[in-house]
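Everything on this sheet refers to the single structure shown next.
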Amino acid sequence: MQYWLMKSEPNEFSIDDLLTKKRSLWDGIRNYQVRNMLRDQVRVGDQAFFYHSNTGKETGIVGLMEIVREAYPDPTQFDATSNYFDPKSNPSMTRWFAVDVKFIKKFNRPVLLSELRNEKKLSRMALLKKGNRLSVTKLSKNEFLFILRLAENKLYRV
DNA sequence: GCCAACGTTGGC
DNA sequence: GCCAACGTTGGC
């Protein structure tokens with residue numbers, strides 16, 4: 001099993017949206033590095049943290065989900081009415097991929113970015129590397145478990 | 001809203 | 001292949 005962190009702007013798609021839908025495609029990835037990771041590494045059964053980016057206030061990890069379908073052509077690339085429409089995409093030579101995710105839980109509190117930065121054990125996390133802008137990054141099992149404990153212990157360094 | 005960092009495009 | 005110009009991401 002592998003562990004991922006996936007970013008979404010909550011005004012686009014939030015943990016509450018996923019809670020309501022229970023299951024959703026994860027679309028709109030338009031970065032080749034992320035695409036390759038999605039296509040070549042992300043597998044059914046992998047766990048992924050849901051991260052709220054660009055929030056203005058509570059930026060951080062807000063919940064947990066599971067991959068339930070591996071990479072398939074992202075339908076939004078062919079949809080001229082979508083923000084994610086890509087005129088250079090061609091159905092016979094897919095450029096962009098999506099996966100499906102399933103809601104597992106919303107944490108009682110967000111694990112804030114500032115809090116993650118304070119943890120020495122997380123200093124190697126791809127998310128925290130300077131200049132990182134990838135919307136999907138990989139976590140080690142230790143990082144994953146450590147963050148889960150942070151999330152589930154309300155009194156821990158809030 | 002600002003801006004640093006990174007990615008993409010396209011002229012040459 | 002170089003690199004300037006432009007676009008995007010995302011924290012603050």
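So that the names make sense, note that chain A is the first sequence line, chain B the second, and so on, each numbered from 1.
- Ion pairing between a basic and an acidic side chain is recognised when a charged N comes within 4.0 Å of a carboxylate O; A:Arg23 and A:Glu66 show no such pairing.
- Looking at A:Glu70 and A:Val42, their side chains never come closer than 4.5 Å, going by heavy atoms from C-beta outward.
- A:Lys130 places its NZ atom 17 Å from the P atom of C:dG10, with the value rounded to the nearest Å.
- Atom CG in A:Leu113 sits roughly 18 Å away from atom P in C:dT9 (whole-Å rounding).
- In this structure, the OH atom of A:Tyr51 is 8 Å from the C1' atom of C:dG11, given to the nearest Å.
- We find that CG of A:Asn11 is positioned 12 Å from P of C:dG10, with the value rounded to whole Å.
- Residue A:Lys88 is in sugar-phosphate contact alone, with no base atom involved, counting any heavy-atom pair closer than 4.0 Å across all strands shown.
- Look at CG on A:Asn132: it is 13 Å from C1' on B:dA4, rounded to the nearest Å.
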**Item:** Verdict with reasoning, A:Leu134 to A:Asn31, per side chain to side chain contact (heavy atoms under 4.5 Å, CB included)
**Value:** CA-CA 8 Å; A:Leu134 302 181; A:Asn31 171 287; 3.8 Å; yes

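- Among the heavy atoms of the strands lying under 4.0 Å from A:Gln33 are primed sugar atoms or P, OP1, OP2 only; no base atom is included.
- In this model, a side-chain donor or acceptor of A:Arg133 finds a partner on the base of C:dT8 within 3.5 Å.
- Following rounding to the nearest Å, A:Ile29 (CD1) and C:dT9 (P) show an atom-to-atom distance of 12 Å.
- With the nearest nucleotide of DNA chain B identified for both A:Asn54 and A:Leu134, A:Asn54 has the one nearer the 5' end.
- We find that NE2 of A:His52 is positioned 17 Å from P of C:dC12, with the value rounded to whole Å.
- Rounded to a whole Å, the CG atom of A:Leu5 is 14 Å from the C1' atom of C:dG10.
- The side chain of A:Lys7 places an N or O atom within less than 4.0 Å of a non-bridging phosphate oxygen (OP1 or OP2) of C:dG10.
- Side-chain rings of A:Phe49 and A:Tyr3 stay apart, their centers remaining 6.0 Å or farther from each other.
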